[in-house]
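What you see is a predicted model, and the numbers here were worked out from it, not measured in a lab. Proteins come first, then strands; the chains are lettered A, B, ... in the order of their sequence lines, and each starts at number 1.
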Amino acid sequence: MTSSPPAWIVVGRSPDGLVSVALDADGAEIERRSLDDDALPGEIRRVENADGPGPRWVWSDTPEWYERLLDVGVRVARCHDLRLCHAILRDSRLVADAADLRAATAWDAAASVEPARDDQALFALEDESPARRVGPPSVAAALEEFARQRDAIRAAADPGRLRLLCSAESAGALIAAELRHAGLPWDAAVHDRILVDILGERPRGTGAPARLDELAKRVRQELDDPTASLDSQPKLLQALHRAGVMVHSTSRWELAEHEHPVIEPLIEYRRLSRLLSANGWNWLSEWVHDGRFRPVYVPAGVVTGRWASSGGGALQIPRQLRGAVRADPGWAFVVADVAQLEPRVLAAMARDVDLAAAARGRDLYAGVVESGAVSTRQEAKIALLGAMYGATTGDSGRLVPRLRRTYPRSMALVDAAARTGEDGGVVSTWLGRTAPAPSPAWTTAQSRASDPDATEGDVTRARRWARDRGRFTRNFVVQGTAAEWALVWLGDLRARLAAFPRTDDRASAGRSGASFAHQAHLVFFLHDELIVHTPAADAERVAEAVRASAAAAAGLLFGSFPIDFPLDLRIAQTAEKS
DNA sequence: TACTGGTGCGCG
DNA sequence: AAAGCGCGCACCAGTA
């Protein structure tokens with residue numbers, strides 16, 4: 001038998017157990033192996049440890065396969081996630097003919113958000129129908145879907161972009177599983193101290209913490225209403241009106257516009273009450289175990305391709321609590337975020353050398369001020385955000401036209417995306433992720449508005465919905481491409497970290513999960529920011545790797561276009577911003 | 001009792 | 001009640 005190493009290994013179920021099918025680079029079958037359920041981790045380990053470039057594991061859904069592998073200490077270098085790539089290719093405007101992919105609806109299934117249960121025979125035979133299937137699909141189904149996806153990419157307008165996107169998306173799926181497996185180091189004692197500092201002593205039994213209780217009393221006193229309900233919006237609104245505070249809502253920004261002795265304690269009450277309900281002691285005992293916070297990350301959970309999360313509010317950890325994120329003894333964090341990722345991505349997409357020059361090697365907003373478009377950093381920021389979000393009024397809306405004169409290429413790109421969306425068209429990110437088409441209700445509303453019998457209400461509503469969609473597509477191209485850049489950054493970094501030597505330091509053994517106790521590894525990712533947990537001795541090298549990966553991501557997406565992505569980067573024992 | 005929608009606010 | 005994108009979550013109120 002010729003021994004060209006396989007480019008891909010597709011895994012799936014057969015009537016007799018699991019099957020792995022090795023394919024060459026052209027997709028031709030090289031070898032087929034039957035495996036007992038228990039033999040899979042060992043087989044994957046054997047292949048991964050072999051010399052030379054490893055294959056890409058092709059499987060239905062990364063969490064479905066990979067969580068169990070991580071639990072027994074098996075990692076893979078690369079995979080192709082059929083479910084995530086199906087969603088990309090099915091909808092991508094770059095794909096010439098997606099009819100076959102659209103017909104394969106079994107692959108449309110939503111992410112399996114729930115982690116696998118221990119008592120669940122994951123690889124056991126189950127009902128094949130998509131709605132009821134518990135285990136992975138048959139290897140035949142996986143091979144067919146993989147062939148469809150390869151065909152779609154090969155025939156696409158720009159195969160390179162889709163190949164990079166599918167590769168980055170799949171790497172992201174591996175990382176999401178690994179982040180959960182490793183967990184974010186979290187010091188419950190520090191968290192408790194922060195809560196006590198802000199809220200007061202934790203109550204015995206059911207009452208509120210001391211500071212919160214005092215604030216509630218002060219608010220009721222100022223309202224002259226000893227029984228006022230502070231947690232019910234309608235009741236609070238009435239109480240405020242009775243006290244002469246004529247607000248339309250009870251949101252903080254509106255309250256802050258009024259002068260009344262109740263305002264200050266009420267806003268403070270809400271701040272504390274929020275902290276208690278979202279990240280108080282209940283949250284701590286539910287989500288932090290053995291010194292680790294393990295949320296569920298959902299790759300591509302957002303239409304733009306950003307990740308979402310499910311449970312624990314992983315993407316909304318308040319800055320106040322970042323001090324509770326603490327490296328293990330002998331370990332350190334490398335904390336990095338990209339400065340002004342979205343406008344940089346916009347400059348590169350639009351091939352806007354002027355905005356790219358304003359961004360080069362420094363704070364982008366300072367560069368915009370220097371160009372004379374606006375006069376302060378704050379103005380530059382709200383003008384750019386307004387341009388990317390579609391602001392039309394207020395300070396932001398007023399400043400956007402000045403930006404349009406100074407950076408016509410970038411502004412033309414987002415304006416065109418908005419126009420396409422308003423007209424009912426679809427837009428794509430740089431690598432080809434494509435926005436969903438308008439809903440049937442949207443389309444109906446637009447055609448009704450052009451009917452001769454249309455009421456004024458029909459027309460007004462259609463216009464509003466069109467503008468709403470225009471702001472969505474305007475932002476989609478920028479937010480989605482920024483998500484792609486971040487995914488490529490992360491995937492490249494993961495590969496660099498995997499090549500780091502393992503240490504014998506056992507301080508973290510058992511806390512970071514079987515696969516990560518001895519090596520630098522990612523522990524957090526949030527849109528444009530990441531945290532690596534590393535043996536302290538490796539921290540400088542990790543920092544270098546993080547920077548190198550940012551440069552690599554810039555090159556992979558935008559080639560030689562002169563845009564850079566400076567990082568705010570620090571090595572520290574905590575994730576707290578200094 | 002379980003659901004849905006509104007409100008408010010945390011994150012980027 | 002936001003002007004201006006994308007989320008998740010807690011809480012309340014109204015309804016089935």
Side-chain angles (χ1 to χ4, degrees), chain A residues 113 229-238 246-258 266-280 282-283 286-287 295-322 337-343 345-346 381-400 403 414 417-418 421 427 429 433 435-436 464 467-483 485-486 524-530 568 575 577:
Chain A
V113 163
S229 166
L230 308 188
D231 300 322
S232 158
Q233 195 264 2
K235 289 176 189 165
L236 177 59
L237 198 56
Q238 284 175 24
M246 305 313 283
V247 286
H248 299 91
S249 78
T250 67
S251 56
R252 189 181 50 207
W253 67 266
E254 194 186 357
L255 289 170
E257 288 175 350
H258 287 74
L266 177 55
I267 289 176
E268 185 68 357
Y269 170 85
R270 290 255 282 249
R271 191 175 75 83
L272 269 52
S273 162
R274 160 88 193 183
L275 177 64
L276 176 66
S277 75
N279 297 100
N282 291 343
W283 181 91
E286 184 175 358
W287 288 100
V296 178
Y297 293 93
V298 185
V302 179
V303 273
T304 59
R306 274 186 174 184
W307 288 12
S309 73
S310 166
L315 275 42
Q316 306 140 244
I317 302 297
R319 307 198 77 85
Q320 299 166 291
L321 285 181
R322 295 187 68 147
D337 65 85
V338 194
Q340 305 103 29
L341 176 57
E342 291 190 355
V345 154
L346 172 58
K381 186 172 178 175
I382 62 175
L384 264 164
L385 289 176
M388 294 185 297
Y389 292 168
T392 54
T393 64
D395 290 346
S396 189
R398 260 201 314 284
L399 292 166
V400 171
L403 226 48
V414 286
V427 297
T429 59
R433 195 188 306 267
R464 191 177 69 241
R467 282 195 304 268
D468 288 349
R469 186 172 156 76
R471 287 193 305 277
F472 165 65
T473 52
R474 169 190 294 273
N475 187 247
F476 181 94
V477 295
V478 180
Q479 186 184 119
T481 302
W485 186 93
F524 190 68
F525 171 56
L526 179 56
H527 309 320
D528 60 358
E529 172 183 8
L530 60 80
D568 288 330
K577 278 253 181 185

Exercise for the section: Would you indicate, yes or no, if C/dA13 has its OP1 or OP2 atom less than 4.0 angstrom from a side-chain nitrogen or oxygen of A/S232? Expected result: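 Indeed, a polar side-chain atom of A/S232 lies that close.
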Counting the atoms with a prime plus P, OP1 and OP2 as sugar-phosphate, which does [X] contact under 4.0 Å by heavy atoms, base, sugar-phosphate, or nothing?
X: A/I317; value: sugar-phosphate
X: A/Q479; value: base
X: A/R270; value: sugar-phosphate
X: A/R474; value: nothing
X: A/R274; value: base
X: A/G386; value: nothing
X: A/W253; value: base
X: A/V247; value: nothing
X: A/S396; value: base
X: A/G301; value: nothing

Handout entry: Residue met sooner reading DNA chain C from 5', once A/A314 and A/E254 are mapped to nucleotides
Key =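 Final value for this comparison: A/E254.
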Problem - Upstream residue (5' side of DNA chain C) when A/L315 and A/S249 are each assigned their closest nucleotide - result: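 So the residue in question is A/S249.
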Problem - A/K577 bridged to A/E529 by N-O distance under 4.0 Å - result: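 Salt bridge absent between A/K577 and A/E529.
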Take the protein atom [atom1] of [X] and the nucleotide atom [atom2] of [N], then report the distance between them rounded to whole Å.
X: A/Y269; N: B/dC9; atom1: OH; atom2: P; value: 13 Å
X: A/L530; N: B/dG12; atom1: CG; atom2: C1'; value: 14 Å
X: A/N282; N: C/dC9; atom1: CG; atom2: C1'; value: 14 Å
X: A/R471; N: C/dG6; atom1: CZ; atom2: C1'; value: 13 Å
X: A/L237; N: C/dC11; atom1: CG; atom2: P; value: 21 Å
X: A/E529; N: C/dG6; atom1: CD; atom2: P; value: 22 Å
X: A/H527; N: B/dG12; atom1: NE2; atom2: C1'; value: 4 Å
X: A/L230; N: C/dA10; atom1: CG; atom2: C1'; value: 16 Å

Exercise for the section: Report the C-alpha separation of A/R271 and A/R274 in whole Å, then their side-chain angles, then the decisive distance to 0.1 Å, and conclude whether the side chain to side chain contact (heavy atoms under 4.5 Å, CB included) test is met. Expected result: CA-CA 5 Å; A/R271 191 175 75 83; A/R274 160 88 193 183; 5.9 Å; no
Practice task
Using the P atoms only, state how far B/dT7 lies from C/dA1, rounded to an integer number of Å.
Solution key: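 These two P atoms come out 7 Å apart once rounded.
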Problem - Nearest-Å distance once atom C1' is located in both C/dG4 and B/dT4 - result: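 The answer is 27 Å between these two C1' atoms.
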Problem - A/V477 to A/T481 - nearest heavy-atom pair and separation - result: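 Minimum heavy-atom contact is O-OG1, 2.7 Å.
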Problem - Closest non-hydrogen atom pair, A/E342 against A/A482 - result: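 For A/E342 versus A/A482, the nearest heavy atoms are CG-CB, 3.8 Å.
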Between [options], which one does the side chain of [X] approach most closely?
X: A/V303; options: C/dA13, C/dC7, C/dA1; value: C/dC7
X: A/D231; options: C/dC12, B/dG12, C/dC9; value: C/dC12
X: A/Q233; options: C/dA13, B/dG12, B/dT7; value: B/dT7
X: A/N475; options: B/dG8, C/dC12, C/dC5; value: C/dC5
X: A/T393; options: B/dG12, B/dG10, C/dA3; value: C/dA3
X: A/S309; options: C/dC12, C/dG8, C/dA10; value: C/dG8

Problem - A/W283 side-chain N/O to A/S277 backbone N/O, donor-acceptor pair under 3.5 Å - result: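 No; judged by distance alone, with no hydrogens or angles, the pair does not exist.
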Handout entry: Heavy-atom check, side chain of A/R270 versus side chain of A/T250, under 4.5 Å
Key =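 They are in side-chain contact.
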Exercise for the section: Report yes if some heavy atom in the side chain of A/L321 is under 4.5 Å from a heavy atom in the side chain of A/L275; otherwise report no. Expected result: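 Answer yes - side chains close enough.
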Handout entry: Pair of N/O donor and acceptor under 3.5 Å linking B/dG12 base with A/R306 side chain
Key =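 It does, because a donor-acceptor pair links the side chain of A/R306 to the base of B/dG12 below 3.5 Å.
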Problem - Watson-Crick or G-U counterpart of C/dG4, or none if no pair lies under 3.5 Å - result: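 Checking every strand shown, C/dG4 finds no partner, since no pair has both distances under 3.5 Å.
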